[in-house]
Amino acid sequence: AMESGVARKPITDWEAYEDELRERIGIDQKLMSRITIQAKKDVKTVVFAEADHYKILKAAQIVNEQRIANPILLGNRKRIQAIIDENNMDLQGVRIIDTYEEGEKRAEFAQILFERRQRKGLTLFDAQRLMRDRNYYGSMMLDTGEADALISGLTRDYSKTISPALQVIGVEEGINKVAGMYIILGKKEPYFFADTTVNVNPTADELVDIIGLTARTVRFFDTEPRVAMLSYSNFGSVGGDIPSKGAEAVRKAKQRYPELLIDGEMQANTALNRNLLREHYPFSELAERGANTLVFPTLASGNIAYKVLQEIGGVEVIGPVLMGMRKPVHILQLGSSIRDIVNIVAIAAVDAQNYNKQSI
Ligand code: ACO
């Protein structure tokens, strides 16, 4: 009912709303409630690049009312206002920015982008044209400090939405590749999957980067990572590119992150079933508790795995969490629910609080 376009009565108490959701879905949201409480302690400004959309406006209303974030709505003013009126939404006092009304700002942003990318084939004319795209404009708001985090991607293809952010915001210092993570709220504990959204066919060295980035992000969620590098083989049982790059990544990751509990390459059931590990692979570091963090060898495997779980696994998933950006940017998956969006906003807001400590 939430997404049918029919207005619901405004939710005025976040805890009550959480209880309602928990009842409906039957999942203990400990992980997210911690994040939500933290977000409220120092409220950050989050810009929505696709605000002329019912779900985004509804999520913006929720985060605004619950003081999880200060939303800024980027989009066609008339269209946004029409959706607000039609659905009796309360977004009083929330700033709407229509980039078409912002000629001066667009010119200023275009100049900055031009200076940054003039030696990468970008002309000033191109930069001016790009600033009409809200993903560029929103990224520039983040870059210049007019907002603390950027949320986009509800209606457009992931790769088209991430490109502007990569070009304007780019990666954090010391990080080679950004990557995407999903949290799977299992019955006993949360699981963390990566890379589910960005790198199509990472090399062994890129996997080492992804492992480091993912481990750091798992710790951001107050969980100690136990990482399995996945494959269709167990510890060299089958030859091939994927088993050998996985084994190489594990070898290198053990050297680079001596504190990290990691093993592989291994099959997914081996990683998750400690009885199987104990019986057949008792030498493995993961034999005691099994893995809670799964690193996939290719984007195809990671992306497909979480989507299958989401649709038929009866579990809740949170994400995608984009890791390694210089500032908090998160690209929603096509068709995310209002609940998905609120979750990502809370994560982005806490990420923004930690921005100087660079936690995601
Ligand atoms: N990490 C860090 N930087 C990167 C990465 C990365 N993983 N990939 C590209 N970049 C850099 C580029 O080198 C470039 O640098 P430059 O500004 O110095 O020139 C900059 O980011 C901009 O890149 P683009 O040219 O815009 O994009 P590129 O052609 O390199 O492609 C992309 C990057 C879009 C992420 C591509 O790898 C891709 O399409 N990945 C798959 C995305 C996808 O479809 N995911 C599945 C669906 S997601 C879901 O289901 C929710």
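In each ligand, atom 1 is the first atom listed, and ligand 1 is the first ligand listed. The basis for the numbers below is simple: all heavy atoms, side chains too, and nothing from hydrogens, waters or symmetry mates. If you read the sequence from its start, that first residue is 1, and numbering goes on from there. All of these numbers come straight from a predicted model, not from anything done at the bench.
Using a cut-off of 4.0 Å between Lys/Arg side-chain N and Asp/Glu carboxylate O, E224 and R289 are scored as not salt-bridged. In summary, R216 and E172 engage in a salt bridge, as defined by a charged side-chain N under 4.0 Å from a carboxylate O. Taking a cutoff of 4.0 Å between a charged side-chain nitrogen and a carboxylate oxygen, R256 and D209 qualify as a salt bridge. Salt bridge status for E285 with K254: present, with a side-chain N to carboxylate O gap under 4.0 Å. Using a 4.0 Å cut-off between charged nitrogen and carboxylate oxygen, K78 and D52 do not count as a salt-bridge pair.
Here L207 sits in one hydrophobic cluster together with V208, I210, I211, V227, M229, V250, Y257, L260, I262, V295; the rule is ILVMFWY side chains under 4.5 Å apart, joined directly or through other members.
Scanning all protein heavy atoms for the shortest distance to atom 23 (O) of ligand 1 gives L166 CD1, 4.3 Å. Given atom 43 (C) of ligand 1, the protein heavy atom at minimum distance is T197 O, 3.6 Å. Remark: minimum distance from atom 44 (O) of ligand 1 to any protein heavy atom is reached at S159 CB, 4.2 Å. For atom 51 (C) of ligand 1, the closest heavy atom belonging to the protein is Q333 CB, 3.3 Å. Scanning the protein for heavy atoms near atom 25 (O) of ligand 1, the closest one is Q167 NE2, 4.3 Å. Atom 6 (C) of ligand 1 has K177 CD, 3.6 Å as its closest protein atom, hydrogens excluded (heavy atom only). Nearest protein neighbour of atom 7 (N) of ligand 1, counting heavy atoms only, is N199 OD1, 2.8 Å.
At a heavy-atom distance under 4.0 Å, only side-chain atoms of N303, from C-beta outward, approach ligand 1. When non-hydrogen atoms are compared, ligand 1 lies under 4.0 Å from the backbone of V178 as well as from its side chain. When heavy-atom distances to ligand 1 are checked against a 4.0 Å cut-off, V198 comes that close through both its backbone and its side chain. Contacts between Y182 and ligand 1, counted as non-hydrogen atom pairs separated by less than 4.0 Å, are absent for every part of the residue. The backbone of N176, and not its side chain, has at least one atom closer than 4.0 Å to an atom of ligand 1 (non-hydrogen atoms only; backbone = N, CA, C, O).
Residue contacts with ligand 1: S163 is placed with a nitrogen or oxygen under 3.5 Å of a nitrogen or oxygen of the ligand (distance criterion only).
Put simply, atom 28 (P) of ligand 1 has no protein non-hydrogen atoms near it, under 4.0 Å away. Within a 4.0 Å radius of atom 17 (O) of ligand 1, the protein has at least one heavy atom. Using a 4.0 Å threshold on non-hydrogen atoms, atom 37 (O) of ligand 1 counts as touching the protein. For atom 12 (C) of ligand 1, the nearest protein heavy atom lies 4.0 Å or farther away. Inside a 4.0 Å radius of atom 31 (O) of ligand 1 there is not any protein heavy atom.
For ligand 1, the atoms sitting less than 4.0 Å from at least one non-hydrogen atom of I162 are 34 (C), 35 (C), numbered in the order shown with element in parentheses. The contact set between ligand 1 and Y306, taken as ligand atoms under 4.0 Å from a residue heavy atom, comprises 49 (C), 50 (O), 51 (C). When each atom of ligand 1 is checked for a heavy atom of R117 under 4.0 Å away, the hits are 16 (P), 17 (O), 19 (O). Those atoms of ligand 1 that come under 4.0 Å of a heavy atom in Y158, given as number and element, are 48 (S), 51 (C). Listed by atom number, the atoms of ligand 1 under 4.0 Å from L299 heavy atoms are 41 (C), 45 (N). Each of the atoms 2 (C), 3 (N) of ligand 1 lies under 4.0 Å from some heavy atom of V171.
Taking the side chain as every heavy atom from C-beta outward, I97 and K105 never approach each other to under 4.5 Å. Side-chain contact between L322 and V198 is present, with heavy atoms from C-beta onward closer than 4.5 Å.
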Taking it one step at a time, do K188 and N292 satisfy side-chain hydrogen bond (donor to acceptor under 3.5 Å, both in side chains)? CA-CA 11 Å; K188 276 181 284 178; N292 65 356; over 6 Å; no

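Close to ligand 1: K307, with a non-hydrogen atom less than 4.0 angstrom away.
Exactly one of E50, H53, K55 qualifies for a side chain to side chain donor-acceptor pair (under 3.5 Å) with T155. That residue is E50. A side chain to side chain donor-acceptor pair (under 3.5 Å) with E265 holds for exactly one of S233, S237, S231; it is S233.
Placement of V47 and L166 within a single hydrophobic cluster is found when ILVMFWY residues are connected by side-chain heavy-atom separations under 4.5 Å, directly or transitively. Both I304 and I312 belong to a single network of hydrophobic side chains, linked directly or stepwise wherever heavy atoms of I, L, V, M, F, W or Y lie under 4.5 Å apart.
Side-chain contact, N234 with Y281: a donor N or O sits under 3.5 Å from an acceptor N or O.
Aromatic ring centres of Y306 and Y182 lie closer together than 6.0 Å.
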